[in-house]
Trainee: 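Take a look at the following structure, please.
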Amino acid sequence: MCLAAPYTIKEIFPDGSARAVSGGVETDIRLDLVESPASGDTVLVHAGFAIQKLDRGESEELIALWNEVSRAAAAAFRA
Amino acid sequence: MSGRFTSGGAEAAFEAMRRELEEALRLSGPLTFMEVCGTHTVSIFRSGLRSLLPRGLSLLSGPGCPVCVTDRSEIDRAIELAEKGCLVLTYGDMMRVPGTSGSLLEARGRGADVEVATSAIQALPAARENPDRDVVFLAVGFETTAPATAAMLRQVRSGGIRNLSVLCLHKTVPPVMRVLCSVPGLKVDGFLLPGNVTVVAGEGGYAFLAEAGKAAAVAGFEPEEIMAALVDLVRQAAAGSYRIRAYRTRDVPREGNTTALRLMAEVFEPCDALWRGLGLIPGSGLRLGKDYARFDALGKFGLKSGAGPAEARDDGCQCGKILSGLLTPPECGLYGRACTPLNPAGPCMVSSEGTCGAWYRFNRQEAERWQ
């Protein structure tokens, strides 16, 4: 019951539910827990509810760590 | 997902991060980290990440599965409600969790009305379609499912629905992590913070970890996100300097989901809760607040309220010690013999995200080496 998956919102209905798609599979989800959802938004869905909108960008820390690690790897390769 | 991890760079990325881990471990000495999220447990096994970890770095699974930490007495209450004639709706994982005398599935076999739901919202049509029945939703889960229960209850209240109530067993994660920092015999140097819980509840509740000298990091569920977080955890431990950072290929706000948190504050209030294997933890549960108290199934049907005494029953099941990181599944005498996914003796084997269930499905070879 703990597994959450990203879905993309296709169509929003007046009762606060929406049609959403993930990997070609469509399902109905609830939007009560996210602020101003829009068609095309990617949301994390857990137990039938969108629990967060997902940004397309990576977190700053992941970018920084990756850059640092890949520089170190390149230096080790040259040595 | 990030292009640079998938377009041929993944192998190099993991090799570079593994080298970083080795280097930092040379400074820190051997370290043990705990993941407190069932989805992390499964992702770590499924990706084979454990086989990439250098010697000296151990990963333990904590109480990250709400099904697994449900106390026997809580299952007993759900069965009592079903046997009183209520239509009980529950997430599927709860069906086979053993209570003191059997599971909800066995109660259904004896004629009780217990049905599986995949979402709290399904309780609304169940109540509408059965106007002459009392419908009870078995509300379990951490900060991820609690807001869904809250959203459902707000509709029950505004819609004037009278035949639907909730057996509220929700629990929150930060209080149990505080307890894990001081379990006798448990040496954990840092935590992989619970993924989906942090998406909702944010990182604000974990400031006590730095004060307790524990490293902490947030990660998504992709192996490269988890690997990056592990590199950070080892560096924090090596430097003795603690700050929570987030490793996500799809970013979310660090304060969590404020809409969901507001709704939870409207519907619930904190209470003490019983955790299987860990006992009574103050302020770690959620009960219905005063505006919603009339939807509490305990009050409605005159069941004993509040957490009971911790269970004391010795049937060989070691779920309690496994949930606290004191034992790994193969160290339990029942694991793989008297306790399998088809015939589970304890909750950690019932749930697909439970520690024992994950070991059984993904880690047979390592488990066999232990035996």
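Chain letters run A, B, ... following the sequence lines, proteins first and then strands; every chain starts at 1.
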Trainee: Under a 4.5 Å heavy-atom cut-off, does chain A meet the side chain of B:Glu15, its backbone, both or neither?
Mentor: neither
Trainee: Between B:Met17 and A:Leu65, does the side chain to side chain contact (heavy atoms under 4.5 Å, CB included) criterion hold? Intermediate values first, please.
Mentor: CA-CA 9 Å; B:Met17 287 199 274; A:Leu65 184 96; 4.3 Å; yes
Trainee: Identify which of A:Glu60, A:Arg30, A:Lys53 forms the greatest number of heavy-atom pairs closer than 4.5 Å to chain B.
Mentor: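 Answer, by heavy-atom pair count under 4.5 Å with chain B: A:Arg30.
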Trainee: Does A:Val34 offer a backbone N or O that forms a donor-acceptor pair with the side chain of B:Thr259 under 3.5 Å?
Mentor: no
Trainee: Which one, B:Ala228, B:Ala148, B:Ala151, leads in non-hydrogen pairs under 4.5 Å with chain A?
Mentor: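 When all of B:Ala228, B:Ala148, B:Ala151 are compared, B:Ala148 has the most.
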Trainee: Calculate, to the nearest 0.5 Å, the distance between atoms NE2 and OG1 belonging to A:His46 and B:Thr39 respectively.
Mentor: 6.5 Å
Trainee: I need the minimum non-hydrogen distance between A:Phe49 and B:Ser119, along with the two atoms involved.
Mentor: CE1-OG, 3.5 Å
Trainee: Between B:Thr249 (side chain only) and A:Glu58 (backbone N and O only), is there a donor and an acceptor less than 3.5 Å apart?
Mentor: no
Trainee: Check B:Asn196 against A:Leu44 and note the closest heavy-atom contact, atom names and distance.
Mentor: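 In this case the closest contact between B:Asn196 and A:Leu44 is OD1-CD2, 3.7 Å.
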Trainee: Of the backbone (N, CA, C, O) and the side chain (C-beta and beyond), which part of A:Leu54 lies under 4.5 Å from a heavy atom of chain B, both, or neither?
Mentor: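 Answer is both: backbone and side chain atoms of A:Leu54 are under 4.5 Å from chain B.
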Trainee: From B:Arg154 CZ over to A:Asp32 CG, what is the distance, rounded to the nearest 0.5 angstrom?
Mentor: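 Going from the CZ atom of B:Arg154 to the CG atom of A:Asp32 covers 7.0 Å.
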Trainee: If I take atom CZ from residue B:Arg245 and atom OG from residue A:Ser59, how far apart are they, to the nearest 0.5 angstrom?
Mentor: 11.5 Å
Trainee: Are there residues of residues 6-19 of chain A that reach to under 4.5 Å of chain B by heavy atoms, and which ones?
Mentor: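 No residue falls under the 4.5 Å cut-off.
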Trainee: For A:Ile29, is it the side chain, the backbone, both, or neither that has a heavy atom closer than 4.5 Å to a heavy atom of chain B?
Mentor: neither
Trainee: For B:Arg46, does the CZ atom have more than 12 heavy-atom neighbours from other residues, nucleotides or ligands under 6.0 Å away?
Mentor: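 Not more than 12 within 6.0 Å, no.
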Trainee: Is the backbone of B:Val199 close enough, under 3.5 Å, to the side chain of A:Gln52 for a donor and an acceptor to pair up by distance?
Mentor: yes
Trainee: Between B:Gly92, B:Pro147, B:Ala217, B:Cys37, who has the most heavy-atom pairs with chain A when the cutoff is under 4.5 Å?
Mentor: B:Pro147
Trainee: Which answer fits B:Val218, side chain, backbone, both or neither, if we ask what part of it has an atom under 4.5 Å from a heavy atom of chain A?
Mentor: neither
Trainee: Out of B:Arg262, B:Gln155, B:Gln122, B:Glu225, return the one with the most heavy atom pairs under 4.5 angstrom to chain A.
Mentor: B:Gln155
Trainee: Quick one: does any side-chain atom of B:Asn257 pair with a main-chain N or O of A:Leu33 as donor and acceptor, under 3.5 Å?
Mentor: yes
Trainee: Could you tell me whether A:Glu61 and B:Arg235 make a salt bridge, using a distance below 4.0 angstrom between a side-chain N and a carboxylate O?
Mentor: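 A salt bridge is absent here (no side-chain N lies under 4.0 Å from a carboxylate O).
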Trainee: For B:Leu263, which atoms come within 4.5 Å of any heavy atom of chain A: side chain, backbone, both, or neither?
Mentor: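 Only the side chain of B:Leu263 comes within 4.5 Å of chain A.
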